[in-house]
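Heavy-atom basis, side chains included; hydrogens, waters and symmetry copies ignored.
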2 protein chains.
Amino acid sequence: MVRSDARENRARILAAAREALAADGSTSMNQIGQRAGVGAGTLYRNFPTRDDLLLAVYEAEVERIVAAVPSLLDLHAPLEALRRWTLDLVAAMRAKHGLGDALGSVAHQAANDRSHGPVIQAISTIFEAGKADGSIRRDADPGDFLQFTSALWRAASAPDDRAPGMLDLLLDGLRAR
Amino acid sequence: MVRSDARENRARILAAAREALAADGSTSMNQIGQRAGVGAGTLYRNFPTRDDLLLAVYEAEVERIVAAVPSLLDLHAPLEALRRWTLDLVAAMRAKHGLGDALGSVAHQAANDRSHGPVIQAISTIFEAGKADGSIRRDADPGDFLQFTSALWRAASAPDDRAPGMLDLLLDGLRAR
DNA sequence: ACCTGAACACCGTTCAAGT
DNA sequence: ACCTGAACACCGTTCAAGT
């Protein structure tokens, strides 16, 4: 039986972490604990490791974005839906700012692994629609496309946001000839 | 006047850092100092910040790679030279392993800024050769290409190295029609 | 002019003691 | 059953004292 205060604490920690990390990706665990109004022990009971906490915040964000796919496909042609969805993804990543970079290399890999399934699913859905109507080449691979988005959100944090131009180049590579 | 022991110390620190960081990107400053046989103060006199040290190691590596361009262009057609050069770049980054991920977001940006000039120069040289002989489209942008390489070396550290296939997709996008 | 290494503030994490 | 918060080992960085 989970005590109600325990359930509340978990939610409070996640909310505090989401806010604090968006502002500064290197916010310390103890700072997050204080902000959430819980002791360090409680923090670590819920998230045994700093990376576990970062991952949980990251995961919630990914889920939100993935959920947007179906309505985009209802409103736009596949390539256009892909363009908009990818720009949304990049914008969200940019807003999250420090989060991606705060993850160490191992945790970053773990984040990719966990989000891999849902995100690949999202991209595949769009690709399939494009292959069905002949606008996207048949050998286009969702996995490759996903990898490239990491370059896009790095480009998006530069002073001159190159992401849109780079994305167009990518989409050109996907278009059926 | 720079004392000879001071000059030696700087070199010893850089060497120790290069070796230690290749093995483990999170090696601590004090560990590097001990390995180099210098006190913490000496370490910080030469590199006022952990990121300064990481950056110096990173920079040396980039210089080595950039220097390889002319001979590649002597031996291969532009697109093939670009393919080989990029795979070399990715392999070197992979060997450096933790280094790229150990840099915080700010330092990572600084690293990109500093290496940007020389690396863009290298890519531009190859692009110009390709535009001259008609194998590379005229609107191809070296800056965009550079951004994509970051996605490649992330892909290269996955169990199934997707970098070669992804690179071929990219080169397809650059080819003149 | 340069070096050493103890010391400082703070980090992620643990664990005894409480309720 | 869950919580608090002092404590631990260690981090990046500083600075008095030496040569």
Side-chain angles (χ1 to χ4, degrees), chain A residues 1-21 23-58 98-108 110-111, chain B residues 1-21 23-58 98-108 110-111:
Chain A
M1 190 53 191
V2 181
R3 268 170 29 181
S4 64
D5 55 345
R7 218 177 19 246
E8 267 175 41
N9 277 336
R10 188 168 215 281
R12 281 233 299 277
I13 292 169
L14 262 178
R18 174 166 41 241
E19 291 165 24
L21 292 172
D24 175 11
S26 67
T27 308
S28 79
M29 289 297 270
N30 289 342
Q31 279 166 0
I32 291 173
Q34 260 182 336
R35 205 179 157 126
V38 303
T42 301
L43 183 52
Y44 279 87
R45 169 187 300 281
N46 284 279
F47 304 97
T49 263
R50 170 168 231 271
D51 282 346
D52 286 325
L53 178 54
L54 292 175
L55 249 51
V57 173
Y58 184 86
L99 230 175
D101 281 323
L103 287 165
S105 57
V106 173
H108 206 122
Chain B
M1 190 53 191
V2 180
R3 268 169 30 179
S4 65
D5 56 344
R7 217 175 22 243
E8 267 176 41
N9 277 337
R10 188 168 215 281
R12 282 233 297 278
I13 292 169
L14 262 178
R18 175 167 40 241
E19 291 164 24
L21 292 171
D24 175 11
S26 68
T27 309
S28 79
M29 289 297 269
N30 290 341
Q31 279 166 0
I32 291 174
Q34 260 183 337
R35 206 180 157 123
V38 303
T42 301
L43 183 51
Y44 279 87
R45 169 188 299 281
N46 283 280
F47 304 97
T49 262
R50 170 168 231 273
D51 282 346
D52 287 324
L53 178 55
L54 292 175
L55 249 50
V57 174
Y58 184 86
L99 231 175
D101 281 323
L103 287 166
S105 57
V106 174
H108 206 122

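Considering every non-hydrogen atom in both A/Thr42 and A/Asn46, the closest pair reads O-ND2, 3.0 Å. Closest approach of A/Ile32 and A/Ile13 over heavy atoms only: CG2-O, 4.4 Å. Scanning both residues, A/Val38 and A/Leu43, for their nearest heavy atoms gives CG2-N, 4.3 Å.
Atom OH in A/Tyr44 sits about 18 Å away from atom C1' in D/dC2, given to the nearest Å. Atom-to-atom, CE of B/Met29 to C1' of D/dG12 comes out at 7 Å; the value is rounded to the nearest Å. Regarding A/Asn46, its CG atom lies at a distance of 14 Å from the P atom of C/dT14, rounded to whole Å. Distance B/Ile32 CD1 to D/dG12 P: 8 Å, rounded to the nearest Å. B/Arg7 has its CZ atom 12 Å from the P atom of C/dC3, to the nearest Å. If you take CZ of B/Phe47 and C1' of D/dT14, they are 18 Å apart, rounded to a whole angstrom. Between the CG atom of A/Leu43 and the C1' atom of C/dT14 there is a distance of 13 Å, given to the nearest Å. Rounded to whole Å, the distance from CG on B/Asn9 to P on C/dC3 is 5 Å.
Residues A/Thr49 and B/Asp5 each lie close to DNA chain C; by heavy-atom proximity, the contact nearer the 5' end of the strand is made by B/Asp5.
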- If you write DNA chain C from 5' to 3' in dot-bracket form, with Watson-Crick or G-U pairs under 3.5 Å, [ ] for crossing pairs and | for pairs with another strand, what do you get? ||.|||||...|||||.||
- Assess whether side-chain contact (heavy atoms from CB on, under 4.5 Å) is satisfied between A/Glu19 and A/Arg35, documenting all intermediate values. CA-CA 10 Å; A/Glu19 291 165 24; A/Arg35 205 179 157 126; 3.2 Å; yes
- Message: Working note: B/Leu55 + B/Phe47, criterion side-chain contact (heavy atoms from CB on, under 4.5 Å); need CA distance, chi angles, decisive distance, verdict.
- Response: CA-CA 10 Å; B/Leu55 249 50; B/Phe47 304 97; over 6 Å; no
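B/Thr49 and B/Asp51 share no donor-acceptor pair across their side chains, judged by distance under 3.5 Å alone.
Heavy atoms of B/Glu8 sit nowhere under 4.0 angstrom from any nucleic acid atom. Within 4.0 Å (heavy atoms only), A/Gln34 reaches no atom of the nucleic acid at all. Among the heavy atoms of the strands lying under 4.0 Å from A/Gly37 are primed sugar atoms or P, OP1, OP2 only; no base atom is included.
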What N/O pairs connect the protein and nucleotides 17-19 of chain C at under 3.5 Å? Give each pair on its own line.
none

Polar atom pairs between nucleotides 5-8 of chain C and protein, under 3.5 Å, N or O only, would you list them?
residue, atom, partner, partner atom, Å
C/dG5, N7, B/Ala40, N, 3.3
C/dG5, O6, B/Gly41, N, 2.8

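Between the side chain of A/Gln31 and the backbone N or O of A/Ser28 there is at least one donor-acceptor pair closer than 3.5 Å. Side chain of A/Asp24 to main chain of A/Ala20: no donor-acceptor pair is present (N/O by atom type, distance under 3.5 Å, no hydrogens or angles).
Atom CD in A/Gln34 sits 12.5 Å away from atom OG1 in A/Thr27 (nearest 0.5 Å).
Note on B/Gln31: every side-chain N or O is 4.0 Å or more away from OP1 and OP2 of D/dC10. Contact check, A/Arg50 against C/dT13: no side-chain N or O comes under 4.0 Å of OP1 or OP2.
In the set C/dC11, D/dC11, D/dT13, the nucleotide with an atom closest to the side chain of A/Ser28 is C/dC11.
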